[in-house]
Amino acid sequence: MLNAHMNTRIAPHYDTIILGAGAAGLMCAGFASAKGGRVLVVDHAKRAGDKIRISGGGRCNFTNMFAGPENFISQNKHFAKSALARYTQWDFIELVAKYGIDYHEKTLGQLFCDGKAKQIIDMLLNEARAADISLSTTIDEITHDGTEFQTILSGQKVSATNIVVATGGKSIPKMGATGIGYQIATQFGLPLTDTRPGLVPLTFGPKELEWITPLAGTALDGRLEANGTSFEEALLFTHRGISGPAVLQVSNYWREGDEIRANLMPHASVFDALRTARSENGRRQMSTALATLFPKKLATTLAENLKLSGNLADQSDKALQDLADTLHALPLKPTGSEGYRTAEVTLGGVDTDALSSKTMESKQVKGLYFIGEVVDVTGWLGGYNFQWAWSSAAACGRAIADQA
């Protein structure tokens with residue numbers, strides 16, 4: 001397998017410089033160089049595709065079979081439609097199959113490599129083999145002289161007709177995330193939408209942590225709802241609050257000060273289960289009865305917090321219905337999130353109103369493109385953000401290649 005020209009000597013001029021050797025940047029390099037255009041990819045990291053490498057527990061959840069515009073959050077809900085339609089999940093799956101990479105569906109359409117995420121990186125590097133890639137390279141300066149872009153990369157002057165910003169967001173700073181893409185957008189006059197951590201665990205204040213912290217490690221399937229949007233997946237209690245797929249998903253829709261509601265038993269009626277248990281063994285204590293429906297630690301905590309006393313026979317239908325209503329919509333009020341340290345993505349970014357949905361090019365600065373996470377398009381958990389990287393990169397790369 002041939003790879004891109006890694007850390008070759010940087011030439012004084014390129015048709016296109018791509019800032020960022022992550023998912024979007026590498027994908028774009030393959031398309032942009034396909035018709036002979038000279039392409040340079042630069043990144044401050046020592047290796048290309050580091051976020052790909054750690055994603056999906058090292059197996060890379062590279063797309064989702066059900067990916068569609070409705071799975072993405074943006075101030076303009078229509079923006080992603082064009083790119084997603086012109087390079088779909090099936091196009092990427094076909095590419096993966098072409099390279100003989102075995103994969104499987106884990107759950108809810110999420111596709112993972114059977115082997116290691118490095119297979120996806122190697123595939124992308126091979127697709128971008130006509131491009132030059134310079135790692136451990138800093139972006140010192142970018143300007144436009146009215147004709148083309150002038151950059152200084154690790155002290156070296158390099159000019160380019162096009163600049164593609166594929167630098168990602170602020171999430172997981174230990175991987176080197178800096179938010180430089182937003183600085184570049186601002187420098188060239190592109191507006192930003194507010195950014196905040198996305199797909200992130202939620203945290204609670206001292207009062208709530210008194211009962212949440214002892215439950216650390218307890219998990220169950222639940223349905224969480226925030227501001228009218230709900231997700232049904234696993235919920236995990238932690239020392240700092242709550243996590244798990246359902247929480248990460250709903251965190252994208254939660255805002256500080258908002259309450260979320262947890263349905264702790266989404267697939268059955270708590271009332272029916274308790275009423276049946278009452279008829280079969282009315283002498284059973286309430287905490288014991290709840291332990292047949294929920295993890296024991298959680299059942300005990302719920303019985304204490306909701307001040308449930310006596311046995312099942314002591315409970316009227318109304319009392320059981322009131323309890324059921326609470327457990328199907330348990331109010332929780334987070335005080336914050338774990339922040340960018342553990343966030344999987346950054347919500348918000350470069351305002352889509354400033355970009356062409358067909359090419360990802362700035363409407364006001366010719367030759368300046370933004371793709372991937374740096375744009376105000378954020379996907380759900382489960383391979384959707386990778387699909388946005390592939391789709392936005394393809395839209396941009398094809399547009400650039402057509403200039404060649």
Side-chain angles (χ1 to χ4, degrees), residues 1-6 20-34 41 43 45-68 71-72 83-131 133 135 166 168 171-172 175 199 221 231-234 244-246 248-249 344-345 371-373 379-395 397-398:
M1 183 183 290
L2 295 171
N3 270 341
H5 304 122
M6 302 279 278
L26 292 177
M27 186 73 168
C28 184
F31 280 100
S33 60
V41 184
D43 201 301
K46 294 177 182 177
R47 297 185 300 183
D50 267 350
K51 270 195 179 180
I52 300 173
R53 203 179 307 274
I54 66 165
S55 68
R59 293 184 184 272
C60 187
N61 177 193
F62 56 81
T63 193
N64 194 293
M65 291 194 297
F66 305 126
N71 306 117
F72 295 84
L84 291 170
R86 288 181 296 126
Y87 191 90
T88 71
Q89 59 270 41
W90 306 111
D91 292 316
F92 194 78
I93 290 166
E94 185 180 339
L95 179 63
V96 168
K98 184 178 99 173
Y99 277 80
I101 299 171
D102 293 327
Y103 63 90
H104 61 278
E105 180 190 2
K106 189 173 180 182
T107 182
L108 302 173
Q110 300 167 11
L111 299 185
F112 288 77
C113 297
D114 286 357
K116 297 198 171 179
K118 187 176 181 297
Q119 293 177 285
I120 299 295
I121 299 171
D122 289 343
M123 176 189 78
L124 294 171
L125 288 172
N126 190 60
E127 288 291 299
R129 61 189 176 274
I133 297 181
L135 303 173
S171 53
I172 320 183
M175 298 291 294
L199 299 178
D221 288 332
F231 293 91
E232 193 173 302
E233 291 188 67
L248 300 188
Q249 295 278 38
E344 296 203 13
V345 293
I371 60 174
E373 188 183 349
W380 291 0
L381 181 73
Y384 298 99
N385 287 292
F386 271 129
Q387 187 56 47
W388 172 244
W390 316 139
S391 297
S392 61
R398 284 167 170 165

Inset, instruction - Find the distance between NE2 (H104) and CD (Q110) and round it off to the nearest 0.5 Å. - result: 10.0 Å

Legend entry - CZ-CD1 distance between R53 and I120, expressed to the nearest 0.5 angstrom: 12.5 Å

Legend entry - For A393 against C28, the heavy-atom pair lying closest together: CB-N, 3.6 Å

Inset, instruction - Give a yes or no answer on whether the side chain of D43 reaches the backbone of G20 with a donor-acceptor pair at less than 3.5 Å. - result: no

Legend entry - Heavy-atom closest pair, residues S33 and A29: OG-O, 2.6 Å

Inset, instruction - Given side-chain contact (heavy atoms from CB on, under 4.5 Å), test L111 with M65 step by step and report yes or no. - result: CA-CA 7 Å; L111 299 185; M65 291 194 297; 3.8 Å; yes

Inset, instruction - Give a yes-or-no answer on whether the side chains of T107 and E233 include a donor-acceptor pair shorter than 3.5 Å. - result: no

Inset, instruction - Look only at the side chain of S392 and the backbone of G372, and say whether a donor-acceptor pair between them is shorter than 3.5 Å. - result: yes

Inset, instruction - Calculate, to the nearest 0.5 Å, the distance between atoms NZ and SG belonging to K118 and C113 respectively. - result: 12.0 Å

Legend entry - R398 and R86, any side-chain heavy atoms less than 4.5 Å apart: yes

Inset, instruction - Mind listing the closest non-hydrogen atom pair of L135 and A21 along with its distance? - result: CD2-CB, 4.2 Å

Legend entry - Among Y384, Y103, Y99, ring-ring contact (aromatic ring centres under 6.0 Å, His included) partner for F62: Y103

Legend entry - Audit row: F386, F92, ring-ring contact (aromatic ring centres under 6.0 Å, His included) steps and yes/no: CA-CA 10 Å; F386 271 129; F92 194 78; 8.3 Å; no

Inset, instruction - Considering non-hydrogen atoms only, spot the tightest contact between L381 and Q249 and give its length. - result: N-OE1, 2.8 Å

Inset, instruction - Report yes if some heavy atom in the side chain of V96 is under 4.5 Å from a heavy atom in the side chain of T63; otherwise report no. - result: no

Legend entry - Student check: side-chain heavy atoms of I52 and L124 closer than 4.5 Å: yes

Legend entry - Side-chain heavy-atom pair N64, Q89 within 4.5 angstrom cut-off: no

Legend entry - Sub-4.5 Å side-chain heavy-atom contact between F112 and E105: no

Inset, instruction - Please check if the side chain of Q119 supplies one atom and the backbone of K116 the other of a donor-acceptor pair under 3.5 Å. - result: yes

Legend entry - Contact check, side chains of N61 and K106, non-hydrogen atoms, under 4.5 Å: no

Inset, instruction - List the atom of G25, the atom of I371, and the distance in Å for their closest heavy-atom pair. - result: N-CD1, 4.4 Å

Inset, instruction - Kindly compute the distance separating CG (N71) from CG (N385), expressed to the nearest 0.5 Å. - result: 10.5 Å

Inset, instruction - Go through E127 and L95 one step at a time and tell me if the side-chain contact (heavy atoms from CB on, under 4.5 Å) criterion holds. - result: CA-CA 10 Å; E127 288 291 299; L95 179 63; 3.8 Å; yes

Inset, instruction - Can you see which heavy atom on W388 is nearest to which on A83, and at what distance? - result: CZ3-CB, 4.0 Å

Legend entry - Spacing of CG belonging to D91 relative to CG belonging to L84, to within rounding of 0.5 Å: 11.0 Å

Inset, instruction - Report the distance from atom CD1 of I121 to atom CG of N126, rounding to the nearest 0.5 Å. - result: 13.5 Å

